[in-house]
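Here's the structure we're looking at; comments come further down.
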Amino acid sequence: QLVESGGGLVQPGGSLRLSCKASGSISTLDMAWYHSVPRKLRELVATVTRDDRISYFDSAEGRFTISRHNADNAVYLQMNNLTPEDTHVYYCAAGRGVEVRGKIELIPDYWGQGIQVTVSS
């Protein structure tokens with residue numbers, strides 16, 4: 001089970017830190033954050049493999065930081081300089097990473113329930 005926390009309402013230019021806590025060990029799992037997109041499947045935001053290889057996708061590059069702390073069975077997403085376009089439901093996922101065009105994407109086995117992030121003045 002994956003449980004997200006840390007979402008909410010933030011003004012443009014602000015920051016949020018999302019947390020994802022697993023009920024079991026994540027040390028053998030690759031982890032990721034996704035966000036919802038209307039009329040599409042969830043989109044990858046960032047991945048971190050079991051050996052700490054990190055990939056970012058689209059607008060997350062340069063603004064977001066993914067990290068993991070295996071001892072706490074947790075993965076985090078630090079989001080800075082947020083814009084209204086970052087308003088989504090964000091999901092934590094765990095599974096197996098695969099390399100696609102130099103980045104690590106995830107084949108998810110487990111999902112969190114999602115948490116709302118709203119960027120608005």
Side-chain angles (χ1 to χ4, degrees):
Q1 183 182 10
L2 301 173
V3 179
E4 300 97 337
S5 61
L9 174 64
V10 63
Q11 292 189 341
S15 298
L16 279 177
R17 186 186 192 224
L18 303 182
S19 299
C20 171
K21 188 74 186 307
S23 57
S25 174
I26 65 168
S27 62
T28 61
L29 295 170
D30 301 318
M31 305 294 294
W33 287 96
Y34 289 75
H35 66 215
S36 60
V37 181
R39 299 180 295 278
K40 287 183 64 176
L41 295 175
R42 296 165 186 174
E43 284 188 344
L44 259 177
V45 175
T47 58
V48 57
T49 66
R50 65 200 73 184
D51 56 354
D52 277 327
R53 183 176 173 182
I54 290 173
S55 299
Y56 295 102
F57 298 84
D58 298 330
S59 63
E61 190 86 52
R63 298 187 302 128
F64 294 1
T65 302
I66 189 171
S67 61
R68 63 189 294 156
H69 193 246
N70 290 344
D72 291 339
N73 297 319
V75 62
Y76 306 98
L77 186 69
Q78 176 68 42
M79 304 188 294
N80 297 328
N81 194 23
L82 287 162
T83 73
E85 288 69 37
D86 295 314
T87 295
H88 300 288
V89 176
Y90 285 76
Y91 298 89
C92 176
R96 182 171 64 89
V98 292
E99 183 164 348
V100 179
R101 292 186 293 276
K103 291 190 175 185
I104 301 297
E105 298 187 5
L106 191 76
I107 300 174
D109 293 317
Y110 307 100
W111 289 97
Q113 81 285 356
I115 192 162
Q116 178 70 44
V117 170
T118 302
V119 185
S120 174
S121 55

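Counting from 1, the numbers follow the sequence of the chain as shown.
Summarising the geometry, atom CZ belonging to Arg68 is positioned 10.5 Å from atom SG belonging to Cys20; distances are rounded to the nearest 0.5 Å. With values rounded to the nearest 0.5 angstrom, Asp58 atom CG is found 9.5 Å from Leu44 atom CG. Interatomic distance, Ser36 OG to Gln116 CD, rounded to the nearest 0.5 Å: 7.0 Å. In this structure, CG in Leu106 is found 8.5 Å from CE in Met31, a value given to the nearest 0.5 Å. Taking CD of Gln11 as the start and OG1 of Thr83 as the end, the distance is 14.0 Å to the nearest 0.5 Å. Between the OG atom in Ser59 and the CD atom in Glu43 there is a gap of 8.5 Å [rounded to 0.5 Å].
No donor-acceptor pair under 3.5 Å is formed between the side chain of Arg50 and the backbone N or O of Gly97. Looking only at distances, a side-chain donor or acceptor of Glu4 sits under 3.5 Å from a matching main-chain atom of Cys92. Checking side-chain atoms of Tyr56 against main-chain N and O of Ile66 turns up a donor-acceptor pair under 3.5 Å.
Judged as a ring pair (Phe, Tyr, Trp, His ring centres under 6.0 Å), the pairs with a partner in residues 92-121 (not counting sequence neighbours) are, in order, Tyr34-Trp111. Sorted by first and then second residue, the side-chain hydrogen bond (donor to acceptor under 3.5 Å, both in side chains) pairs involving residues 89-104 (not counting sequence neighbours) are Arg53-Glu99.
When all heavy atoms are compared, the tightest approach of Val10 to Leu82 is CG1-CD1, 3.6 Å. Residues Val117 and Gly7 come closest through the heavy atom pair CG2-CA, 4.2 Å. Residue Ala22 comes nearest to Leu2 through the heavy atom pair CB-CD2, 3.6 Å, listed as atom of the first residue, atom of the second, then distance. Contact detail for Pro12 and Ser120: the closest heavy-atom pair is CD-C, 3.6 Å.
At a cut-off of 3.5 Å, with distance as the only test, a side-chain donor of Asn80 or Ser15 sits close to an acceptor on the other residue.
When the side chains of ILVMFWY residues are joined at heavy-atom separations under 4.5 Å, either directly or via intervening members, Ile104 and Phe64 end up in two distinct hydrophobic clusters. Hydrophobic clustering (side-chain heavy atoms under 4.5 Å, transitive across Ile, Leu, Val, Met, Phe, Trp, Tyr) groups Ile54 together with Ile26. Hydrophobic clustering (side-chain heavy atoms under 4.5 Å, transitive across Ile, Leu, Val, Met, Phe, Trp, Tyr) keeps Val48 apart from Tyr76. At a threshold of 4.5 Å between side-chain heavy atoms, the hydrophobic network of Ile, Leu, Val, Met, Phe, Trp and Tyr places Val89 and Leu18 in two separate groups. Note on Ile115: it clusters hydrophobically with Val119, by side-chain heavy-atom contacts below 4.5 Å among ILVMFWY residues.
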Val98 and Ile107: side chain to side chain contact (heavy atoms under 4.5 Å, CB included), yes or no, with the steps? CA-CA 7 Å; Val98 292; Ile107 300 174; 3.7 Å; yes

Could you go step by step and tell me if Leu77 and Val45 meet the side chain to side chain contact (heavy atoms under 4.5 Å, CB included) rule? CA-CA 9 Å; Leu77 186 69; Val45 175; 4.1 Å; yes

Asn70 and Ser25: CA distance, side-chain angles, deciding distance, side chain to side chain contact (heavy atoms under 4.5 Å, CB included) verdict: CA-CA 7 Å; Asn70 290 344; Ser25 174; over 6 Å; no

Stepwise side chain to side chain contact (heavy atoms under 4.5 Å, CB included) check, Thr47 with Phe57: CA-CA 9 Å; Thr47 58; Phe57 298 84; 4.2 Å; yes

